[in-house]
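A short worksheet on the structure shown next.
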Amino acid sequence: MQCDTKFDFITRKHHCRRCGKCFCDKCCSKKVPLPRMCFVDPVRQCAECALISQKETEFYDKQLKVLMNGATFFVTLGTSDKSELMVCRLSNNQRYLVLDGDSHYEIEIIQISTVQILTEGFTPGEKDIHTYTSLLESQHITEGGNTRAIGMILQYKVPGSEELTQMKFTASEDFSCNRKLSASWLAAMHKATKLLYESRDQ
C-alpha cells in the first residue's frame with residue numbers, strides 16, 4: 001500500500017499494528033511499543049505510525065504525569081474582566097480538564113476545538129509569537145523560537161450548545177516556583193495537543 005511491491009511466497013505481506021494497512025517488510029520493519037492499543041512489547045508498524053507511537057511513548061513517560069499533577073493559573077471565562085485562581089489538571093481517566101478554585105469546571109477533552117499557547121518573546125503586535133492548534137480543522141501552525149509559555153486560550157463546546165466557549169489561563173507571577181510549574185504544564189499541554197492533532201486520523 002506504499003511501494004506497490006507485489007506479494008508472493010518470498011515477499012510476504014505484513015500489516016501495521018496501528019493503522020492496519022498492508023506493507024512489505026521494508027516498509028513495515030519498525031518495532032515500537034503501542035500502549036494505547038494494549039501492546040506492551042514492541043510490535044511491527046509502518047514508518048509513519050512508528051514515529052507517532054514513539055512520540056506517544058515519550059509523552060506517556062514524561063508529560064502525562066505533569067498534566068495529571070496540575071498547575072495554578074488565573075482563569076478568565078469568556079469576555080469577563082474577572083479572573084479566578086484555579087488549579088488545572090488532567091483527570092485520572094485522561095478525559096477531562098478539571099479546574100478547581102472557588103468554582104469547579106470539568107471540560108471534556110473531546111469538546112476542545114482549539115488550543116492557543118501564549119508565550120513571552122517579542123512585543124505583542126510587532127511579532128506576536130504563539131502556537132495555535134485546531135483539533136477540528138486541518139490546521140496546525142507553530143511560530144516562534146526560544147520563548148516561555150505564559151498562558152493558554154482554550155475554545156470548547158459545552159454539551160448541549162453549538163456555540164464555542166473561551167477560557168483564558170494566565171500563569172501566576174507571584175511565586176517563581178509556581179510559574180515554572182505552570183510553564184511546564186503548558187509545554188506538556190502543547191505536546192498533548194500536537195499528539196491529538198497528529199493522531200486523529202490514526
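FYI, side chains are in, hydrogens and waters are out, and symmetry mates aren't considered; it's all heavy atoms of this structure. Computed from a prediction, not measured in an experiment: that's the story for all the values here.
By the 4.5 Å heavy-atom criterion applied to side chains, T114 and I153 are not counted as neighbours. Side-chain atoms of I107 and I112, non-hydrogen and from C-beta on, do get closer than 4.5 Å to each other. Side-chain atoms of L90 and M189, non-hydrogen and from C-beta on, never get closer than 4.5 Å to each other. Side-chain contact between C19 and C46 is present, with heavy atoms from C-beta onward closer than 4.5 Å. At a threshold of 4.5 Å between non-hydrogen side-chain atoms, the residues Q166 and Y156 do not count as touching. Side-chain contact between K13 and C24: absent, with no pair of heavy atoms (C-beta onward) separated by less than 4.5 Å.
Separating the CG atom in L99 from the CG atom in L85 is a distance of 11.0 Å, to the nearest 0.5 Å. Atoms CG and OG1, on L118 and T170 in that order, are 7.5 Å from each other to the nearest 0.5 Å. Rounded to the nearest 0.5 angstrom, T11 OG1 and D25 CG are separated by 9.5 Å. In this structure, CG in L154 is found 7.5 Å from SG in C88, a value given to the nearest 0.5 Å. Note that the CG atom of L164 and the CD atom of Q111 stand 10.0 Å from one another [nearest 0.5 Å]. The structure places SG of C28 at 14.5 Å from NZ of K26, a figure rounded to the nearest 0.5 Å.
Side-chain heavy-atom separations under 4.5 angstrom define the hydrophobic clusters, and F9 shares its cluster with no other residue. Taking Ile, Leu, Val, Met, Phe, Trp and Tyr as members and joining any whose side-chain heavy atoms lie under 4.5 Å apart, directly or through other members, the hydrophobic cluster of M37 also contains L34, F39, V43. Side-chain heavy-atom separations under 4.5 angstrom define the hydrophobic clusters, and the remaining members of the one that includes Y96 are V98.
Across all non-hydrogen atoms, the minimal contact from Q94 to I109 is O-CG1, 4.1 Å. Minimum heavy-atom separation, A50 to K30: CB-CB, 3.7 Å. Considering every non-hydrogen atom in both R89 and W185, the closest pair reads CA-NE1, 4.2 Å.
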task: Go through the steps to decide whether R18 and E56 satisfy the test salt bridge (Lys or Arg N to Asp or Glu O under 4.0 Å), and finish with yes or no.
output: CA-CA 12 Å; R18 186 180 180 114; E56 282 182 351; 2.9 Å; yes

query: Would S53 and Q45 satisfy side chain to side chain donor-acceptor pair (under 3.5 Å), going step by step from the backbone distance to the final call?
result: CA-CA 9 Å; S53 294; Q45 296 178 54; 2.7 Å; yes

- request: Kindly determine whether T57 and F59 satisfy side chain to side chain contact (heavy atoms under 4.5 Å, CB included), including the steps that lead there.
  value: CA-CA 5 Å; T57 300; F59 174 76; over 6 Å; no

- prompt: Can R44 and S29 be said to form a side chain to side chain donor-acceptor pair (under 3.5 Å), step by step?
  reply: CA-CA 6 Å; R44 192 182 286 266; S29 61; over 6 Å; no

- request: I would like to know whether T165 and Q155 meet side chain to side chain donor-acceptor pair (under 3.5 Å); could you show each step before the answer?
  value: CA-CA 5 Å; T165 301; Q155 286 188 319; over 6 Å; no

- prompt: Which is it for E162 and K157 under the salt bridge (Lys or Arg N to Asp or Glu O under 4.0 Å) test, yes or no, and what are the steps along the way?
  reply: CA-CA 7 Å; E162 287 301 310; K157 282 186 182 177; 3.7 Å; yes

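At least one donor-acceptor pair closer than 3.5 Å links the side chain of R17 to the backbone N or O of H15. Using modelled atom types, no side-chain atom of Q63 and backbone atom of K191 make a donor-acceptor pair closer than 3.5 Å.
Residues passing the salt bridge (Lys or Arg N to Asp or Glu O under 4.0 Å) test with E163: none are found, sequence neighbours excluded. The side chain to side chain contact (heavy atoms under 4.5 Å, CB included) check on D41 picks up nothing, with sequence neighbours excluded.
Each of V87 and Y105 belongs to its own hydrophobic cluster when Ile, Leu, Val, Met, Phe, Trp and Tyr are linked at side-chain heavy-atom distances under 4.5 angstrom.
The number of heavy atoms from other shown groups lying within 6.0 Å of CG (N93) is above 12.
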If you look only at distance, which donor and acceptor atoms sit under 3.5 Å apart when one is on a side chain in residues 66-80 and the other is two or more places apart or in another chain?
{"from": "N69", "atom 1": "ND2", "to": "K65", "atom 2": "O", "distance (Å)": "3.2"}
{"from": "S80", "atom 1": "OG", "to": "K82", "atom 2": "N", "distance (Å)": "3.1"}
{"from": "S80", "atom 1": "OG", "to": "K82", "atom 2": "O", "distance (Å)": "3.4"}

